[in-house]
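Below is one structure; the comments refer to it alone.
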Amino acid sequence: MAMIEKTYQPAEIEGRIARAWEDADAFKAGRPDRRDAEPYSIVIPPPNVTGSLHMGHALNNTLQDILCRFERMRGRDVLWQPGTDHAGIATQMVVERQLMERQEPGRREMGRAKFLERVWQWKAESGGVIVNQLKRLGASCDWSRERFTMDEGLSRAVVKVFVELHRQGLIYKDKRLVNWDPKLLTAISDLEVQQIEVKGNLWHLRYPIEGVSFDPENPASYIVVATTRPETMLGDTAVAVNPDDERYVDLVGKHVILPLVGRRIPIVADEYSDPEKGSGAVKITPAHDFNDFEVGKRHHLPQINVLDIEGKIAIADNSAYLEGLPEGAREFAEEIDGTDRFAARKLIVGRLDEFGFLEKIEPNVHMVPHGDRSGVVIEPYLTDQWYVDAKTMAQPAIAAVRSGATTFVPKNWEKTYYEWMENIQPWCISRQLWWGHQIPAWYGPDGKVFVAETEEEAIGNALGYYVEQEVITPAQAHEMTQDASKRDGFITRDEDVLDTWFSSALWPFSTLGWPDETPELERYYPTNVLVTGFDIIFFWVARMMMMGLHFKNDVPFPTVYIHALVRDEKGAKMSKSKGNVIDPLHLIDDYGADALRFTLAAMAAQGRDIKLASSRVEGYRNFATKLWNACRFAEMNACAAPTGFDHTTAKETLNRWIAHETVRAVRDVTEAIESYRFNDAAGAAYRFVWNVYCDWYLELAKPVLMGEDSAAKTETRAMVAWARDEILKLLHPFMPFITEELWAVTAQRDGLLVLAPWSRKAELSVEVFASPVLTDPMVPPVILPARQDAEFSDPAAEAEIGWVVDLVTAIRSVRAEMNIVPSTLTPLVLAGASAETRARAERWSDVIKRLARVGEISFTDAAPQGAVQLLVRGEVAALPLKGVIDLAAEQARLDKELAKAEADIKRVDAKLSNEKFVANAPEEIVEEEKEKREAAVARKVKILEALLRLKNAT
RNA sequence: GGGCGCGUAGCUCAGCGGGAGAGCACCUCGUUGACAUCGAGGGGGUCACAGGUUCGAUCCCUGUCGCGCCCA
C-alpha cells in the first residue's frame with residue numbers, strides 16, 4: 001500500500017489503473033467466481049471501424065459503462081460485448097483515398113481481390129483506433145470478446161440469415177427506383193439520404209398540344225408544366241393534371257408532343273398533381289422521381305431512364321428513349337449524350353427558351369436529396385436490387401413494443417419507433433461496393449438466381465437445374481463441378497455486397513456465436529438493455545428488433561435507453577463531414593477521463609440534448625481533486641476501518657449522522673441509476689461527497705481527530721475511513737480511475753474496487769415458484785421485493801448535527817454581513833436555551849468556536865443588549881458586539897427579517913382563510929401550511945423581541 | 001405540411017401542481033494544520049408571452065412568438 005500522492009494527476013494514474021483491470025481480467029464475462037451469478041449483458045452499438053471517438057461515443061459508452069460497473073459491483077456476471085462494424089462505404093472510401101494519396105493504382109485497376117486485401121491490411125493497421133479510445137474512456141467491455149462484423153463467425157450469421165429470409169420470401173430481388181449515389185456508384189438506403197434545402201428554380205415549360213400548331217402567343221396551343229428538374233424531361237412519359245382541376249378537364253386524354261424530343265405523351269388525370277402548385281400540371285418522369293414512379297404505375301406509363309450511373313445523359317443508344325421518336329430525334333440525342341446532368345439542365349433550358357418553350361423561371365427553395373457520405377445530389381434511379389420485406393418483418397417488432405416486451409426510456413421515443421415501423425418501406429440491402437458481405441446469390445446464363453449458403457451448394461443446384469432443363473449435359477455439369485474455370489461465364493456470383501446495417505442488425509446474437517448454439521447465446525441473450533442515441537432508432541434498433549424476433553424468437557433487449565445527442569455549440573448534430581466535431585480526447589487530456597465521464601453523466605438528463613461547456617468538465621475535475629484531498633486528509637489522520645467494522649453500532653452522534661447520510665446517499669444513487677436517471681445519480685453523489693462529507697463531516701470531526709486519543713477518536717477514525725470507502729464505491733461507476741487508485745492506496749484491500757460489492761442490494765428479484773401456473777406464458781412471473789435489510793437511520797443525530805450546521809452558518813453569514821474580520825473572535829450567548837440546546841452547545845463547543853470564529857460560549861435567560869441576535873431553530877443565539885456593530889445596520893437587518901416573516905404569515909393566512917383550499921387541498925398540505933404558519937409566527941415573535949432589545953441598547 | 005422537443009440566474013443546464021435550484025462566471029472576505037483545482041459569505045430570475053383548468057400553475061390545457069431536430 002502506497003501513500004497518496006500530494007496532487008491528483010489523472011494522466012499519471014489512468015494508464016496504470018487500466019492495466020490493473022486488464023491484468024485481473026476484471027471485465028471478463030463468465031468469471032469463475034460468478035458462475036452462479038445472474039447475468040447482465042449489453043452489446044455496444046458497434047462504432048464504425050473507420051471512426052474515432054467523438055462526444056456521442058463518449059456519452060453513449062459512459063452511460064453503458066456506468067450500468068455495467070454498477071451491475072458488476074452488484075454481483076452480476078456482466079458481459080459488455082464490444083466490437084466494430086465494417087462500414088462498407090466509409091471504409092472503402094478511406095482505403096481508396098489512401099491509394100490515391102500514395103499514388104498507387106486505384107481500386108478498379110487493382111481488382112477486387114487485391115483491393116480487399118488492402119482493406120484488411122488497412123483494418124489491421126488503423127482499424128483499432130476507436131477501441132483504444134474507448135479504453136481510455138474507461139469502458140469496461142470484455143475486450144477478449146471483441147467482434148467485427150466481417151469476422152468469420154459473424155459473416156456466417158449474415159449468410160445464414162440471407163439464405164433463410166430468401167427461402168421464406170422475405171428477401172427478394174426487384175426492379176425499383178433506388179436512391180442512387182452517382183459519385184460512389186451504389187444504391188443507398190433512405191436513411192443514408194439527407195434532405196437539404198436548396199435555392200433552386202421552378203421552370204415553367206410549355207408542352208405543345210398535339211394537333212394544334214404551337215404558338216408561344218397562344219396559350220391554347222400548349223400546356224404549362226412546372227418542374228424543379230427540367231433535364232429529366234427527356235424521360236417524360238406523361239403530363240398529369242388533377243382530375244378536379246377545371247382548367248384542364250378538357251385536355252385529359254389528349255396528348256402533347258415533348259419539346260426537343262418529339263415524343264407523343266398523354267395528359268392523364270391524377271390526384272398527385274396539386275392544382276395549387278406551379279401551373280397545376282406536372283411532367284411525369286417515372287424513371288427519375290419517386291412520386292412519378294407511382295403515377296406511372298397507376299397509368300401504365302413506360303419508364304425511360306435517361307441517365308447513366310454517373311448521372312450523365314445516356315440516350316444515344318437508348319432504345320427505350322428512341323422508341324417511337326420521329327426521324328431526326330437521334331441527332332439531338334447524340335448531341336447531348338454524355339453531358340453531366342447539371343450541364344444538361346443548362347443546355348436543355350437554353351434550348352427550350354430558344355424555341356419559345358420556356359414560359360418563366362421562378363426562384364424556388366426546395367429539398368434536394370444528398371448522399372450523407374458523398375455529399376452529392378442523389379438520383380432516383382431504376383435498377384435491380386435486393387430487398388428485405390421490412391413491412392412483414394416489422395409486424396412482430398411493432399407488437400413487441402405494444403405489448404411491453406420491449407420498452408423505451410424515455411417513453412416518448414416509442415412514438416418515433418411506431419411512426420417509422422408503421423410506414424416502413426422495403427429495405428434495399430444491396431450495395432454496389434466491394435467491401436462487405438458479398439451476396440450469396442449466383443446467376444445462371446438465363447439470369448436465374450440460386451441462393452445458397454455455400455458456393456458448392458449453389459453451383460450444385462444450378463448445374464442440376466440446367467441439366468434438367470437440358471441446357472447442358474450431365475457430362476458438362478460434371479466438368480464444371482470439378483473445374484471452376486470451366487464454369488466461368490456460365491455461373492456467376494452476384495457482385496454486390498450487403499448493407500452494413502444488415503450485419504449490425506444481427507449483432508445482439510451474432511456476437512454470441514449464433515448460428516451455433518453456444519453457451520454464451522444461452523446465457524446472455526436477450527441482453528438487458530440497449531443504450532443508444534435516437535438518431536439510430538431507425539437504422540439499428542428497429543432492425544435488431546426485426547432480426548432478433550425472427551431468428552431468436554425473442555426481443556434482443558427488454559429496455560432501450562435513448563440518450564441525448566451531444567450537439568455542437570450551434571445545436572447542430574456533430575458529424576465528421578461537417579467538421580464540427582469536439583474531441584473528447586482533448587478533454588480527457590486536460591481534465592482526465594473521470595471528469596469527462598462525470599460531466600456527461602451529470603448532464604444526461606432524459607429528453608434533452610447536451611450542449612457541452614468545458615467549464616462544466618473543469619468543475620468536475622475540481623470535484624475529483626476534492627475527493628483526492630479528502631482521502632489524503634483521512635490518511636494523514638490515520639483513519640482506517642478495522643475488519644468487521646459496523647457503522648450501525650457507532651456511539652458518537654457525529655458518526656451516527658454520517659452513517660445516516662451515507663446510507664441515504666447510497667440509496668439515492670442506486671435508485672437513480674436503476675431508473676436511468678444518470679444526472680440525478682451524479683448530482684446526489686456530488687452533493688453528498690462535497691457538501692456533506694467534506695464540508696461538514698470532516699470539518700466537524702477535526703477537533704476529535706486532532707485531540708487526545710480516546711474511544712471517540714478511535715471510532716471517528718474508523719468512520720471517516722468507512723464513509724470514504726462507501727464514497728469510493730458509490731463513485732466508481734462514474735469515476736472509475738480515481739476511485740480505483742484511491743481504493744488501492746488508502747487501505748489493504750482484498751481485491752480491486754471494480755469487483756467490490758455495492759453497498760445496497762438489488763430491490764427486486766424474480767421469485768420463481770414451483771407452480772404450474774408459471775408454465776403458462778400468459779401469466780407473468782410474480783415479482784416481489786427482495787428482503788432489504790432495515791435501513792440504518794438516525795433522525796436524532798440528524799437533528800443535532802443539523803443544529804450545529806445551522807448555527808455555524810448563521811454566525812458566519814452575519815459576521816460577513818457585519819464585515820467582522822476573521823481574526824476577531826466573537827463571544828456567543830445562547831439566550832433562553834433549552835437543556836437540549838445547552839447540552840449540544842457544550843458537546844460542540846470546539847467545533848463552533850473553530851468554524852464560526854467564536855470565543856467564549858455562555859448561556860443567559862435573555863440576549864444581552866446591543867447584541868446581534870440570530871434565530872437558530874427557534875432559539876436565539878446572540879453575538880454581543882457592542883461597539884463593533886453598526887446598530888443602524890443591525891436594525892435594518894432585523895427589519896428585513898421581520899418583513900420576511902410577516903410576508904410568510906400573510907401568504908399562509910391567505911391560503912388557510914380560503915375555505916376552498918382547506919376543503920380541497922390534501923390534508924398533509926394543509927397541515928404543512930399550518931406548521932409553516934406557526935414557525936413563521938414564532939420567528940416573528942423572536943425578531944420583535946430582538947428589535948426591542950436593540951432599541952433599548954441605543 | 002406532419003411529428004418530437006425546447007424557451008428557468010450573465011453562460012451551460014436541473015427541477016416541475018403547494019415556499020425558485022446547481023455548476024461556471026461575478027462581488028466581498030480569507031496564508032485557521034486535506035484541498036487557492038480551495039474555504040466563507042453575497043448579489044442576481046414577473047421560470048418566453050397571452051388566455052384557460054384548479055383552492056393554488058414555472059409545472060397541466062389552448063393559443064401566440066422564438067429556436068432546434070426528425071419525417072414528407
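Sequence lines set the chain letters: A, B, ... in the order given, protein chains first and strands last, and positions in each chain run from 1.
- For the C1' atom pair drawn from B/rU12 and B/rG2, the interatomic distance equals 32 Å after rounding to whole Å.
- Atom CG in A/N679 sits about 15 Å away from atom P in B/rG23, given to the nearest Å.
- Only the P atoms considered, B/rA9 is 15 Å distant from B/rG44, to the nearest whole Å.
- For B/rU31 and B/rG39, the C1' atoms lie 12 Å apart once the distance is rounded to whole Å.
- Proximity of A/W628 to the phosphate of B/rC38: no side-chain N or O atom is located under 4.0 Å from OP1 or OP2.
- Atoms NZ (A/K911) and P (B/rC55) sit 14 Å apart, rounded to a whole Å.
- For A/Y697 and A/N655, the side-chain atoms include at least one donor-acceptor pair closer than 3.5 Å.
- Closest approach to the A/A630 side chain among B/rG18, B/rA72, B/rA34 is made by B/rA34 (side chain taken as heavy atoms from C-beta onward).
- The local environment of CD in A/E422 is crowded, with over 12 non-hydrogen atoms from other residues, nucleotides or ligands closer than 6.0 Å.
- Residue A/T809 places its side chain closer to B/rG41 than to any other of B/rG41, B/rG18, B/rA34.
- Taking side-chain N and O atoms only, A/S813 has a distance below 4.0 Å to OP1 or OP2 of B/rG42.
- Pairing for B/rU32 is absent, with no Watson-Crick or G-U wobble pair whose two atom distances lie under 3.5 Å.
- For A/E618 and B/rU12, the CD to P distance is 17 Å, given to the nearest whole Å.
- The CG atom of A/N691 sits 13 Å away from the C1' atom of B/rG21 (whole-angstrom rounding).
- For A/A816, whose side chain is taken as the heavy atoms from C-beta onward, the closest listed nucleotide among B/rU12, B/rG18, B/rG41 is B/rG41.
- Considering A/V409, A/I537, A/I536, A/T416 as possible partners of A/I562, the one that fulfils the side chain to side chain contact (heavy atoms under 4.5 Å, CB included) test is A/I537.
- Side chain of A/M706, nearest nucleotide from B/rG18, B/rC55, B/rA34: B/rA34.
- Two residues, A/G619 and A/N920, neighbour RNA chain B, and the one matched to the more 5' nucleotide by heavy-atom proximity is A/G619.
- Taking every side-chain heavy atom of A/F917 into account, B/rG18 is the closest of B/rG18, B/rC38, B/rU32.
- Within the shown strands, B/rG5 is the pairing partner of B/rC67 under the Watson-Crick or G-U definition, both distances less than 3.5 Å.
- Rounded to the nearest Å, the gap between the P atom of B/rA22 and that of B/rG43 is 12 Å.
- The aromatic ring centroids of A/F734 and A/Y620 lie 6.0 Å or more from each other.
- Look at the P atom in both B/rA48 and B/rA57: the space between them is 15 Å, to the nearest Å.
- Ring centroids of A/W628 and A/Y8 are separated by less than 6.0 Å, placing the two rings close together.
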Might you work through the salt bridge (charged side-chain N to carboxylate O under 4.0 Å, His left out) test for A/R229 and A/E379, ending with a clear yes or no? CA-CA 11 Å; A/R229 299 203 56 195; A/E379 200 62 51; 2.7 Å; yes
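- Distance noted for atom P between B/rG15 and B/rA72: 31 Å (whole Å).
- Using Watson-Crick or G-U wobble geometry with both donor-acceptor distances under 3.5 Å, B/rG23 finds its partner in B/rC11.
- For A/W690, counting side-chain heavy atoms from C-beta on, the closest listed nucleotide (B/rC69, B/rG39, B/rA34) is B/rG39.
- In this structure, the nucleotide among B/rA34, B/rC70, B/rG19 sitting nearest to the side chain of A/D904 is B/rG19.
- If you take CZ of A/R893 and P of B/rG43, they are 13 Å apart, rounded to a whole angstrom.
- Between the side chain of A/K626 and the base of B/rC35, a donor-acceptor pair under 3.5 Å is found.
- Residue A/K415 has a polar side-chain atom (N or O) positioned under 4.0 Å from OP1 or OP2 of B/rC4.
- For A/R632, taking side-chain heavy atoms from C-beta onward, the closest of the listed nucleotides B/rG19, B/rC35, B/rC55 is B/rC35.
- In this structure, A/Y417 atom OH and B/rC71 atom C1' are separated by 18 Å, rounded to whole Å.
- In this structure, the nucleotide among B/rA22, B/rU37, B/rG19 sitting nearest to the side chain of A/E929 is B/rG19.
- Across the strands present, B/rU54 finds no partner; the criterion is a Watson-Crick or G-U wobble pair with both atom distances under 3.5 angstrom.
- Taking only distance into account, the side chain of A/K6 never meets the base of B/rA34 through a donor-acceptor pair shorter than 3.5 Å.
- The CD1-C1' distance, from A/I424 to B/rC70, rounds to 16 Å in whole Å.
- Straight-line distance between the P atoms of B/rG51 and B/rA14: roughly 28 Å, to the nearest whole Å.
- With RNA chain B read from its 5' end, the first of the two nearest nucleotides for A/D695 and A/P822 is the one closest to A/P822.
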May I have the step-by-step check of ring-ring contact (aromatic ring centres under 6.0 Å, His included) for A/Y417 and A/W413, ending in yes or no? CA-CA 6 Å; A/Y417 174 83; A/W413 290 110; over 10 Å; no
Run the salt bridge (charged side-chain N to carboxylate O under 4.0 Å, His left out) test on A/K932 and A/E929 for me, step by step, so that the C-alpha distance in whole Å, both residues' side-chain angles and the decisive distance to 0.1 Å come before the verdict. CA-CA 5 Å; A/K932 277 182 207 162; A/E929 293 295 325; 3.0 Å; yes
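- Contact check, A/N629 against B/rA34: no side-chain N or O comes under 4.0 Å of OP1 or OP2.
- For the OP1/OP2 pair of B/rG19 and a distance below 4.0 Å, the side-chain nitrogens and oxygens of A/K900 include no atom meeting the criterion.
- In terms of polar N and O atoms assigned as donor or acceptor, the side chain of A/R907 comes within less than 3.5 Å of the base of B/rG19 in a complementary pairing.
- Only the P atoms considered, B/rC67 is 15 Å distant from B/rU8, to the nearest whole Å.
- The base of B/rA34 sits with one of its N or O atoms less than 3.5 Å from a complementary donor or acceptor on the side chain of A/E699.
- Straight-line distance from the CZ atom of A/R616 to the P atom of B/rC13: 9 Å, rounded to whole Å.
- Using a 4.0 Å heavy-atom cutoff across all strands shown, A/Y620 reaches no nucleic acid atom at all.
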